[in-house]
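Counting starts at 1 for both ligands and their atoms, in listed order.
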Amino acid sequence: MKILICVKQVPEIMDVKINPETGTLIREGVDSILNPFCEYAVEMGLELKRHYGDIETVAISMGPPQASSALIRCLEMGVDRATLLADMKFAGSDTWATAFTLAKTIRAMEGDFDLILVGKQAIDGDTAQVGPELSEILGIPQIMYGVSVELTGNKKKIRVKREIETGNEIVEIKLPGLVSLSKGPMIRCISSFKEILDARKKELRVAAASDLNIDENELGLRGSFTQVVKIFPPQVKKTGKLIDGSEPQGAAKKLIGFLRERKFV
Ligand SMILES: Cc1cc2nc3c(=O)[nH]c(=O)nc-3n(C[C@H](O)[C@H](O)[C@H](O)COP(=O)(O)OP(=O)(O)OC[C@H]3O[C@@H](n4cnc5c(N)ncnc54)[C@H](O)[C@@H]3O)c2cc1C
């Protein structure tokens, strides 16, 4: 059985600042990390491997050359091998072009697979679109916001507990399929010294556009339907009013008075 895990490198979000003149992220001096939701996807893949055995896990990322450090983190966590898609022809990809390139890579370089795991969203781009688009392009069923995954039906199906607004629901699909992972009960693990050393011996393949049987007009900026025009932080509006609740009856009167004054009641 083969599990593919798509991962993205993101800036350490606590450090992110935006240049007010250019409207772009200031990346100088900002650490990059493996997207936390991708870490949960990796951890889920490894958990399935520990539990059921005989599973190959492969991490795939599309990004600039420095994104290889996110893949090294996956190898240190226990993933068997990794592929980085690094080529300036991929630069400027929106979510569609990203999903399209990942789908072409999976078809060209991996062939058969059973399960694809992705994070529910990247904490920088934050669109949560790549996973659903990837499953649509590959023509496989998808389950979003998974928190636990089990193999059923002699490893031909998966049963996923997923988050919904009112709680959780359990959904089953036939494999091959795609699951996006939310946090759930998973924790981000620290690799042992041995795992870190072992990772150096594992395969980290770097692929370019020429390795994929692909029309270059469908890649990067040219293959993208959307373009980010500007990024800016939302304006902070201090319109909230705090009512001291230490004396509940008085607080309730104040609240009603406030709502009446504004004709809400
Ligand atoms: C040369 C180059 C430069 C790039 N520069 C940037 C950049 O500056 N900023 C930026 O945000 N993106 C960059 N990308 C990557 C790409 O454009 C984005 O990954 C894409 O638009 C994803 O959108 P999102 O962040 O909203 O992902 P979401 O849809 O929120 O991500 C959901 C999940 O999809 C998977 N996923 C998303 N992106 C990738 C990926 N690239 N590879 C593998 N799996 C993925 C992950 O599992 C992730 O958890 C670059 C790519 C290349 C090749």
| query | Below 4.0 angstrom, N of the basic side chain to O of the carboxylate: do Lys49 and Asp54 qualify? | reply |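 Looking at Lys49 and Asp54, the cut-off is not met.
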Any N/O pair [X]/ligand 1 closer than 3.5 Å:
X      : result
Cys6   : yes
Val130 : yes
Ala128 : yes
Lys120 : no
Ser93  : yes

| query | Just wondering, are more than 12 heavy atoms of other shown residues or ligands nearer than 6.0 Å to NZ in Lys161? | reply |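 12 or below, so no.
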| Does atom CG of Asn217 have more than 12 heavy-atom neighbours, drawn from other residues, nucleotides or ligands, at distances under 6.0 Å? |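 For Asn217, atom CG is crowded (more than 12 foreign heavy atoms under 6.0 Å).
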| task | Share the residues that join Leu259 in a hydrophobic cluster, the rule being Ile, Leu, Val, Met, Phe, Trp or Tyr side chains under 4.5 Å apart at the heavy-atom level. | result |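 Joined to Leu259, directly or through intermediates: Ile243, Leu255, Phe258, Phe264, Val265.
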| Out of Met62, Lys89, Met88, whose heavy atom sits nearest atom 42 (N) of ligand 1? |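 That would be Met62.
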| request: Return the option from Gly119, Pro64, Ala67, Ser224 holding the heavy atom at the smallest distance from atom 3 (C) of ligand 1. | output: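 It is Pro64 whose heavy atom sits nearest to atom 3 (C) of ligand 1.
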| query | Measuring from the heavy atoms of Ala41, does anything fall under 4.0 Å of ligand 1? | reply |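 Ala41: no contact with ligand 1 (<4.0 Å).
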| For Gly131, does its backbone N or O pair with a side-chain atom of Ser180 as donor and acceptor, under 3.5 Å? |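 The answer is no, because no donor-acceptor pair under 3.5 Å joins these two groups.
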| Who passes side-chain hydrogen bond (donor to acceptor under 3.5 Å, both in side chains) against Thr105, sequence neighbours left out? |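 Partners of Thr105 under the side-chain hydrogen bond (donor to acceptor under 3.5 Å, both in side chains) test: none.
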| task | Would you mind reporting whether Cys74 and Val7 have side-chain heavy atoms less than 4.5 Å apart? | result |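 Sidechains of Cys74 and Val7: in contact.
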Within the 4.0 Å heavy-atom shell around [X], which atoms of ligand 1 are there?
X      : value
Ser61  : 42 (N), 43 (C)
Asn35  : 49 (O)
Gln129 : 29 (O)
Leu102 : 43 (C), 44 (N)

| request: Report the C-alpha distance between Phe90 and Leu212 in whole Å, list the side-chain angles of each, state the deciding distance to 0.1 Å, and finish with yes or no for side-chain contact (heavy atoms from CB on, under 4.5 Å). | output: CA-CA 12 Å; Phe90 301 138; Leu212 315 174; 4.1 Å; yes
